[in-house]
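Each chain gets a letter, A, B and so on, in the order its sequence line appears, and its residues count up from 1.
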Amino acid sequence: MNLFSDIRTLVLAELDSMMQAGDLPGGLELAAVAVEPPRDASHGDMATNAAMVLAKPAGMAPRAIAEKLAARLKTDPRIASVEVAGPGFLNLSLVPAIWADLLAATLQEGADCGRGAIGAGVKVNIEFVSANPTGPMHVGHVRGAVFGDALARLLDFAGYDVTREYYINDGGAQVDVLARSAYERYREAIGLEPEIREGLYPGDYLIPVGEAMKAKWGESLLDQPEEVWLEDVRNFATEMMMQMIREDLAALNVQMDVYSSEKALYGTGQIEAAINTLRDMGLIYEGTLEPPKGKLPDDWEAREQTLFRSTAHGDDVDRPVMKSDGAWTYFAPDIAYHYNKVQRGFDQLIDIFGADHGGYVKRMKAAVSALSGGKVPLDIKLIQLVKLWKNGEPFKMSKRAGTFVTLRDVVEQVGADVTRFVMLTRKNDAPLDFDFAKVLEQSKDNPVFYVQYANARINSVMRKAIAAGVAVDDASLAAADLTQLNNAAEINLAKKIAEWPRLVEIAARGNEPHRVAFYLYELASDLHGLWNRAKDEPELRFVQDDPATTQVKIALARATGVVISAGLAILGVTPVEEMR
RNA sequence: GCACCCAUAGCUCAGCUGGAUAGAGCGUUGCCCUCCGAAGGCAAAGGUCGCACGUUCGAAUCGUGCUGGGUGCGCCA
């Protein structure tokens, strides 16, 4: 039950009637009319800016519109009173019974509570992680993985048709390096001394790859020139790395729908087709780029290249798609890959990049804009760095010192749930501190604990109620006389619950899953506040002597728990039943 | 040199796509509790929202120009 959209619908209907009746000029654009929670609770339960937004286009004084709208809104049974305030705000107070309806609806909706329809089945593709298949995932990948997955869950919840996709960078030079590194481990498996030369990947994780190669090929690859084995070993090692990455993601509770291969774009004409499509639009030409000012590379020399006229679609300079030796740049398969996504019929694309890839945003958007005829929007979310700490001390990563932190290390130390929640306690474009010790602290300072503790308390009182013989299944709770909830602290919590569906919409519209984490913290805070007050005011306690009253109180607690669970599900975090 | 991101309380950060008196946690100060409805509670102090213009009924939010920090800038992905 989305109270805010319900009341907004009412406001829009009344505005329509006013246009019909001649109280407002016809044909007014109503999109900017908002119904929101007021900042100050003394202003009522909801506020609308309708009169102020429409004053100018209607050519009327805002207060004149407000007075007429107020008179109409007052006749709705849900509305207790309407006040015109300030420059023309309408402050609405709702009848107390509305909160009982809201809580009953929340209990009936259960896990679907807050599920929205603003996505309208729009097909959206979210590409994230896309770590090179040359090793295990490290801590730097974690935040992007969590963010992408939570965003996918959020958009799904808001009614989008979501595809989670991983782009495997298996077409470049780094997978050749992987193959050569694996080959040395293969020699090692056979009993020879490996030569891990400079530039190869030294990690131990390739030892099992070498052993698997021995099992597959025996000694047949020994002393063979690279041309003989490179491709097979590359494929073999890449597949093993991807298997490892899939397991890493699974440990983080991330599941991809589609894995797309860069390599598969080569030799299939897809890159050529994408570039030719651009060429047909007159967006590909041979030319020479100016050297970047202020930072001239040592070996700069002007060369003619094949360029994409990305400046025609908002970029700052045109970008090369082919190197001077005739090979494609990395950008060319990226273009083809995004073209592929457009051709697969997605209505919207979202890419999640590390903040250090911010320089590619404009060119990628330019390519998608050109190839989709401007029809498919591409939103690129940049993920800032995670700073690691341990007990307040910076935790320096170093491959040499062996303090290189993998995704597995993090998950094994603090768990997937804590990792995921903490990763979402900042906006994606703000740096994030991650302290291995503090995230496990059981105190109010720790948002993960604080939210989980609220849920545990709810479960605790429900167990108590059950022990007292009170029926606390959702159907019984929803059927109770919830109008008995009338204490300001209780209504306050109900109001917070009422904001949940609206928050889902806002978060989904902005592709901002962190808002869910902040909301849950506030919701938990309201529950804890009520709990603390109940120490001094026993009538606020959830478990009462009278079973019927207990049921009413528990309904409020349970409705809060329903929303916490729904929110945590979006974050991909499992609610805890009990603190240990 | 250019582009992108960021700048909000002493610290770490929210701020609902322009709304009313800008919020939270930590820290500080004061009071209360130490009762497993537990892993503290209540309250206070603390702000020219980096700076300056502009847009309008109204700006932390939008525009322009500065200041300061981060990231990146052909033949690496």
Side-chain angles (χ1 to χ4, degrees), chain A residues 4 32 34 36-40 42-43 47-49 52-53 55-56 61-62 85-89 91 130 132 134 169 171-175 262 288-297 299-303 305 307 315-320 322-327 329-331 333-334 354-363 380 382 384-385 425-433 441-447 449-450 453 456-457 460-461 464 499 502-503 505-507 509-510 512 514-515 517-519 521-522 525 528-536 538 540-543 579-580:
Chain A
F4 290 92
E36 341 177 275
R39 186 172 302 176
D40 191 331
S42 69
H43 291 148
T48 178
N49 60 356
M52 281 179 295
V53 174
K56 195 167 192 180
F89 277 104
N91 291 329
S130 298
N132 286 340
T134 55
N169 289 106
Q174 79 277 4
V175 281
E262 176 193 0
T288 308
L289 287 175
E290 293 288 311
K293 292 201 167 52
K295 186 208 171 220
L296 190 65
D299 56 347
W300 174 270
E301 53 181 290
R303 284 202 184 142
Q305 295 173 292
L307 300 171
D315 202 355
D316 308 302
V317 289
D318 294 336
R319 306 291 177 176
M322 196 177 271
K323 304 176 195 172
S324 46
D325 67 0
T329 63
Y330 63 88
F331 186 39
D334 278 351
D356 55 341
H357 285 63
Y360 305 104
V361 169
K362 283 191 178 182
R363 76 189 64 173
I380 298 181
L382 298 178
Q384 264 294 352
L385 292 176
T425 54
R426 287 286 176 272
K427 295 187 287 213
N428 57 288
D429 52 11
L432 179 131
D433 290 331
E441 256 173 36
Q442 301 210 337
S443 76
K444 190 181 176 179
D445 324 350
N446 182 354
F449 169 79
Y450 197 61
Y453 187 28
R457 277 180 156 172
S460 163
V461 287
K464 270 195 175 180
E499 289 179 26
R502 184 168 179 275
L503 182 109
E505 286 184 7
I506 291 165
R509 259 202 303 271
E512 294 172 330
H514 75 275
R515 288 182 190 275
F518 281 95
Y519 170 84
Y521 183 84
E522 291 168 13
S525 179
H528 290 309
L530 182 57
W531 186 283
N532 291 327
R533 284 189 56 175
K535 288 181 194 170
D536 296 331
L540 289 178
R541 295 190 170 203
F542 291 111
V543 177
M579 303 311 293
R580 283 285 171 197

| query | What distance, rounded to whole Å, do you find between the two P atoms, one in B:G1 and one in B:A20? | reply | 39 Å
| So do A:Met52 and A:Phe89 actually touch side chain to side chain, heavy atoms under 4.5 Å? | yes
| message | Using Watson-Crick or G-U wobble geometry with both distances under 3.5 Å, which nucleotide pairs with B:C42? | response | B:G30
| Would you find a donor on one side and an acceptor on the other, under 3.5 Å apart, between the side chain of A:Asn49 and the backbone of A:Ala34? | yes
| query | If the C1' atom of B:G47 is compared with that of B:A14, how far apart are they to the nearest Å? | reply | 15 Å
| Rounding to a whole Å, what distance do you find between A:Phe331:CZ and B:C75:C1'? | 16 Å
| request: Look at the aromatic rings of A:Tyr360 and A:Tyr330 and report parallel, tilted or perpendicular, splitting at 30° and 60°. | output: perpendicular
| query | So, do A:His43 and B:A20 meet the stacking rule of ring centres under 5.5 Å and planes under 30°? | reply | yes
| query | What is the nucleic acid contact for A:Ala85, judged by heavy atoms within less than 4.0 Å: base, sugar-phosphate only, or nothing? | reply | base
| note | Heavy-atom nearest nucleotide on RNA chain B taken for A:Asp429 and for A:Asp356; more 5' hit belongs to A:Asp429
| query | Rounded to whole angstroms, how far apart are NE2 on A:His514 and P on B:U12? | reply | 18 Å
| request: Have a look at A:Ala47 and say if it touches a base, only the backbone sugar-phosphate, or nothing, with a 4.0 Å heavy-atom cut-off. | output: base
| remark: Contacts of A:Ser42 and A:Arg541 projected onto RNA chain B by closest heavy atom; the upstream (5') one is A:Ser42
| request: Report which part of the nucleic acid A:Asn132 touches: base, sugar-phosphate, or nothing (heavy-atom distance under 4.0 Å, all strands). | output: sugar-phosphate
| query | Looking only at atom P, what distance separates B:C13 and B:U71, rounded to whole Å? | reply | 16 Å
| query | Is there a Watson-Crick or G-U wobble partner for B:G19 with both distances under 3.5 Å, and if so, which one is it? | reply | B:C57
| message | Could you tell me how far B:G50 sits from B:A9 if I compare only their P atoms? Round to whole Å. | response | 8 Å
| field | Ring-face cation contact, A:Phe331 with A:Arg319, 6.0 Å cut, 45° max | value | no
| request: With side chain to side chain contact (heavy atoms under 4.5 Å, CB included) as the test, would you mind laying out the steps for A:Gln442 and A:Asn446 before giving the verdict? | output: CA-CA 7 Å; A:Gln442 301 210 337; A:Asn446 182 354; over 6 Å; no
| query | Does some side-chain heavy atom of A:Arg457 sit less than 4.5 Å from a side-chain heavy atom of A:Phe542? | reply | no
| message | Tell me if the side-chain of A:Tyr453 makes a donor-acceptor pair with the base of B:A39, cut-off 3.5 Å, by modelled atom types. | response | yes
| message | Under 3.5 Å, is there any donor-acceptor pair linking the side chain of A:Arg502 to the base of B:C16? | response | yes
| Counting any heavy atom closer than 4.0 Å, what does A:Phe518 reach on the DNA or RNA strands: base, sugar-phosphate only, or nothing? | sugar-phosphate
| task | Please work out if A:Tyr521 contacts a base, only the sugar-phosphate, or nothing of the nucleic acid, heavy-atom cut-off 4.0 Å. | result | sugar-phosphate
| message | Taking any heavy-atom pair under 4.0 Å as a contact, classify A:Met322: base, sugar-phosphate, or nothing. | response | nothing
| query | Which part of the nucleic acid does A:Gln174 contact within heavy-atom distance under 4.0 Å: base, sugar-phosphate only, or nothing? | reply | sugar-phosphate
| Just checking A:Pro447: base, sugar-phosphate only, or nothing, at a heavy-atom cut-off of under 4.0 Å? | nothing
| query | Which one is paired to B:A24, where only Watson-Crick or G-U wobble pairs with both distances under 3.5 angstrom count? | reply | B:U12
| query | Taking atom types as they are modelled, is there a donor-acceptor pair under 3.5 Å from the base of B:A24 to the side chain of A:Asp445? | reply | no
| message | Applying a 4.0 Å non-hydrogen cut-off, can you work out what A:Val543 is touching in the nucleic acid: base, sugar-phosphate, or nothing? | response | base
| message | Need one value for A:Ser324: base, sugar-phosphate or nothing, where a base atom within 4.0 Å counts as base even if backbone is also close, heavy atoms only. | response | base
| Whole-Å C1' distance, B:U8 and B:C75 | 44 Å
| Interatomic distance at P, B:G18 relative to B:C6, whole Å | 15 Å
| query | Any idea which heavy atoms bring A:Val543 and A:Val461 closest together, and the distance? | reply | CG2-O, 3.7 Å
| request: State whether A:Trp531 places a side-chain N or O below 4.0 Å from either non-bridging phosphate oxygen (OP1 or OP2) of B:A38. | output: yes
| said: For B:G37, does the base pair up with any side-chain atom of A:Lys464 as donor and acceptor (N or O, under 3.5 Å, distance only)? | reply: yes
| What is the distance, rounded to the nearest whole Å, between atom OH of A:Tyr360 and atom P of B:U71? | 14 Å
| remark: Taken to the nearest whole Å, CG/A:Asn49 to C1'/B:C57 is 13 Å
| request: Mind calculating the distance between CG (A:Leu289) and C1' (B:C75) to the nearest angstrom? | output: 11 Å
| request: Give a yes or no on whether the backbone of A:Ala47 and the side-chain of A:Asn91 come within a donor-acceptor separation of less than 3.5 Å. | output: no
| query | To the side chain of A:Arg39, which of B:G37, B:C16, B:A20 is closest? | reply | B:A20
| message | Check this for me: does the side-chain of A:Arg303 come within 3.5 Å of the base of B:C75 through a donor and an acceptor? | response | yes
| task | Take atom CD of A:Glu522 and atom P of B:A14, then tell me their distance rounded to the nearest Å. | result | 13 Å
| message | Output the rounded distance in Å from CD (A:Glu512) to C1' (B:U61). | response | 13 Å
| said: Using a 4.0 Å heavy-atom cut-off, does A:Pro320 contact any base of the nucleic acid, only the sugar-phosphate backbone, or nothing at all? | reply: sugar-phosphate
| Under a 3.5 Å cut-off for both distances, is B:C75 Watson-Crick or wobble paired, and to whom? | none
| NA contact type, A:Asn446, heavy-atom cut-off 4.0 Å: base, sugar-phosphate, or nothing? | nothing
| Flag, side chain of A:Gln174 to backbone of A:Asn169, donor-acceptor distance under 3.5 Å | yes
| Is there a side-chain polar atom (N or O) of A:Lys323 under 4.0 Å from OP1 or OP2 of B:C76? | yes
| request: Starting from P on B:C13, measure out to CG on A:Leu432 and report it in whole angstrom. | output: 9 Å
